[in-house]
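Keep in mind the model is a prediction, meaning the values are calculated, not measured.
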Amino acid sequence: MKRIIGKNLIISLSILFITIAIAVIISVTLIHSKTLNNSLTKKNIKNSDKLILGFSQIGSESSWRTRNTQSIFEAAADNDIQILFDDAQQKQENQLKAIRSFIVYQVDVIVFVPIVEDGWDNVLQEAKDAGIPVILVDRQINADPSLYAGFLGENGVEEGRRAARYLVNKCKNRSGDINIFEISGTENSSIVEDRARGFREIISTNSKFKIIHSENGDFLRSRGKEIGDMLLASNVLENGNTTNTIYYNKQKIDVIFSHNDSMTLGFLDSMEAHKINPKGKGTIIISIDGEQECIDAMIAGKINCVVECNPNHGQMLMALVKQIARGEPIPRITYNYETVFTEDDNFSKYDPRGY
Ligand code: AHR
């Protein structure tokens with residue numbers, strides 16, 4: 001009897017020992033594979049001879065931006081190019097980290113949308129030293145041009161000019177001051193500076209156009225709404241009566257020039273919450289991007305003009321990436337095709353915008 005108990009004890013202890021040994025082996029393997037994942041290089045992430053693109057996007061602040069990201073992913077898939085993606089959540093420091101990790105991974109090409117113009121020299125020098133070409137998409141930078149291969153995107157100065165040309169033509173028979181309230185996007189971004197420059201270049205030809213204020217709306221719908229609310233909160237006449245006309249610092253606003261559709265829609269959200277249609281009261285509303293929701297708002301009589309900013313960079317970008325990977329130079333600047341939509345258009349000719 002004692003012998004049977006002893007034998008069972010030995011079997012149980014053996015099973016326990018084997019179980020512990022297996023557990024230890026599995027843990028060691030998992031820890032090891034995690035370390036490997038943390039030190040991925042191009043050699044071990046590459047599952048074929050696909051080109052690898054490191055892509056740093058600034059975030060998803062607007063439907064335009066979401067479409068821009070989608071377009072690049074779709075085109076990469078069509079061209080059998082692998083993407084290492086990083087969403088910088090609107091922070092330059094995150095973009096710098098992402099670009100440095102792309103250098104460690106030894107990607108074939110780095111593509112990034114620079115959130116602001118300055119502060120890229122060091123990281124671009126590191127990419128250059130590592131022999132990795134860089135393409136800027138959508139926004140430009142202040143840096144030595146030899147630090148990057150080229151730029152692909154929109155012509156921001158021309159977009160600003162187009163917005164202003166629409167305004168100048170719309171007001172050609174009006175005399176007296178025309179007060180413009182500008183809702184601008186991310187500070188120190190090339191796109192805001194370019195649009196502002198192009199817009200001012202055209203309106204400065206007639207002194208009746210006056211920009212009475214420029215407010216930063218960070219390209220966000222929520223900020224557009226806040227700005228609308230702020231204007232309405234001060235929309236009180238001296239005798240205490242409110243008015244449907246919008247004022248800034250007691251100056252009547254004749255024109256809203258908004259640097260993107262998200263902020264325009266946010267501004268309209270605020271107006272609608274107070275049952276105000278500023279365009280119905282003669283305020284001219286001009287926006288940039290061409291999102292479907294803004295085109296629909298124009299068709300509904302709430303906006304006068306939408307200058308297109310084309311987010312569909314994907315196919316053109318992949319052509320440039322393949323060109324660079326073959327060791328061929330690419331153009332310093334490649335602009336995407338863009339147009340202007342106005343309230344006078346035949347809306348039936350519009351294709352669905354896709355963003
Ligand atoms: O840089 C392009 C701008 O950024 C677009 O106009 C805007 O919608 C986006 O957020």
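Legend: ring-ring contact (aromatic ring centres under 6.0 Å, His included) pairs involving residues 118-151, not counting sequence neighbours, sorted by first then second residue: F112-W120.
Between K225 and E272 there is no salt bridge, since none of the side-chain N atoms of the basic residue sits less than 4.0 Å from a carboxylate O of the acidic one. Between K170 and E343 there is a salt bridge, since a side-chain N of the basic residue sits under 4.0 Å from a carboxylate O of the acidic one. With salt bridges taken as basic N to acidic carboxylate O contacts below 4.0 Å, none links D351 and R353. Ion pairing between R67 and E74 holds under the 4.0 Å rule for side-chain N and carboxylate O. Between R326 and E328, at least one side-chain N (NZ, or NE/NH1/NH2) sits under 4.0 Å from a carboxylate O, which counts as a salt bridge.
Side-chain contact check for D218 and Q90: no donor-acceptor pair (N or O, by modelled atom type) lies under 3.5 Å. N216 and S184 are not linked by any side-chain donor-acceptor pair at a separation below 3.5 angstrom, with hydrogens and angles left out of the test. No side-chain N or O of Y337 forms a donor-acceptor pair with one of N310 less than 3.5 Å apart. No hydrogens or angles considered: a donor-acceptor pair under 3.5 Å links the side chains of H259 and E182. At a cut-off of 3.5 Å, with distance as the only test, a side-chain donor of K322 or N79 sits close to an acceptor on the other residue. Side-chain atoms of S190 and Q140 include no donor-acceptor pair closer than 3.5 Å. Between the side chains of Q315 and D78, a donor-acceptor pair is found at a separation under 3.5 Å. With no hydrogens or angles considered, no side-chain donor-acceptor pair links E159 and N155 at under 3.5 Å. No donor-acceptor contact under 3.5 angstrom links the side chains of H313 and D138, judged on distance only. For the 3.5 Å distance criterion, the side chains of S270 and D229 qualify, holding a donor opposite an acceptor. Between the side chains of T339 and E308, no donor-acceptor pair of N or O atoms lies under 3.5 Å.
In this structure the side chain of T342 reaches within 4.5 angstrom of the side chain of D345, judged on heavy atoms. In this structure, the side chains of R223 and F267 stay at 4.5 Å or more apart for every pair of heavy atoms. Contact annotation: the side chain of I58 never approaches that of Q89 to less than 4.5 Å [non-hydrogen atoms, C-beta and beyond]. Put simply, the side chain of F219 does not reach to within 4.5 Å of the side chain of S62, judged on heavy atoms. A 4.5 Å side-chain heavy-atom check between N188 and E193 finds at least one atom pair inside the cut-off. Looking only at side-chain heavy atoms (C-beta outward), V307 and C305 come within less than 4.5 Å of each other. Side-chain atoms of E215 and I183, non-hydrogen and from C-beta on, never get closer than 4.5 Å to each other. At a threshold of 4.5 Å between non-hydrogen side-chain atoms, the residues I99 and I110 count as touching.
The minimum heavy-atom distance linking I303 with I285 is given by the pair CG2-O, 3.5 Å. Nearest heavy-atom pair, L136 versus P114, reported as atom, atom and distance to 0.1 Å: CD2-CG, 4.3 Å. Closest heavy-atom contact between A149 and I330: O-CG1, 3.8 Å. Scanning both residues, A88 and N94, for their nearest heavy atoms gives O-ND2, 2.9 Å. Residues N68 and P311 approach most closely at ND2-O, 3.0 Å, considering heavy atoms. The nearest pair of heavy atoms linking L96 to G119 is CD2-O, 4.0 Å.
F181 has its ring centre no less than 6.0 Å from the ring centre of F257. In this structure, the ring of Y105 has its center no less than 6.0 angstrom from the ring center of F102.
The salt bridge (charged side-chain N to carboxylate O under 4.0 Å, His left out) test with R221 is passed by exactly one of E293, E291, E226: E293. Under the side-chain contact (heavy atoms from CB on, under 4.5 Å) rule, F347 has a single partner from I299, I295, D296, which is I299.
Judged by distance alone, with hydrogens and angles left aside, the side-chain atoms of Q70 form no donor-acceptor pair with the main-chain N or O of R65 at under 3.5 Å. Between the Q323 side chain and the P329 main chain, a donor and an acceptor come within less than 3.5 Å of each other. The main-chain N or O of G185 is never found under 3.5 Å from a side-chain atom of S189 such that the two would form a donor-acceptor pair. With hydrogens and angles disregarded, no donor-acceptor distance shorter than 3.5 Å links the side chain of T283 to the backbone of K279. Between the D194 side chain and the G156 main chain, no donor and acceptor come within less than 3.5 Å of each other. Side chain of D144 to backbone of S146: a donor-acceptor contact under 3.5 angstrom is found. Between the side chain of D177 and the main chain of N179, no donor-acceptor pair closer than 3.5 Å is present. With hydrogens and angles disregarded, no donor-acceptor distance shorter than 3.5 Å links the side chain of N336 to the backbone of E154. In terms of modelled atom types and a separation under 3.5 Å, the side chain of R139 and the main chain of I115 share a donor-acceptor contact. Judged purely by atom type and a 3.5 angstrom limit, K210 uses its side chain to pair as donor or acceptor with the backbone of S207.
In this view, Y335 satisfies the ring pair (Phe, Tyr, Trp, His ring centres under 6.0 Å) rule with no residue, not counting sequence neighbours.
With values rounded to the nearest 0.5 angstrom, D121 atom CG is found 7.0 Å from I141 atom CD1.
Placement of I288 and I284 within a single hydrophobic cluster is found when ILVMFWY residues are connected by side-chain heavy-atom separations under 4.5 Å, directly or transitively.
For NZ of K208, the number of neighbouring non-hydrogen atoms (other residues, nucleotides, ligands) closer than 6.0 Å is greater than 12.
Between F55 and F73, the ring-plane angle classifies as tilted under the 30° and 60° cut-offs.
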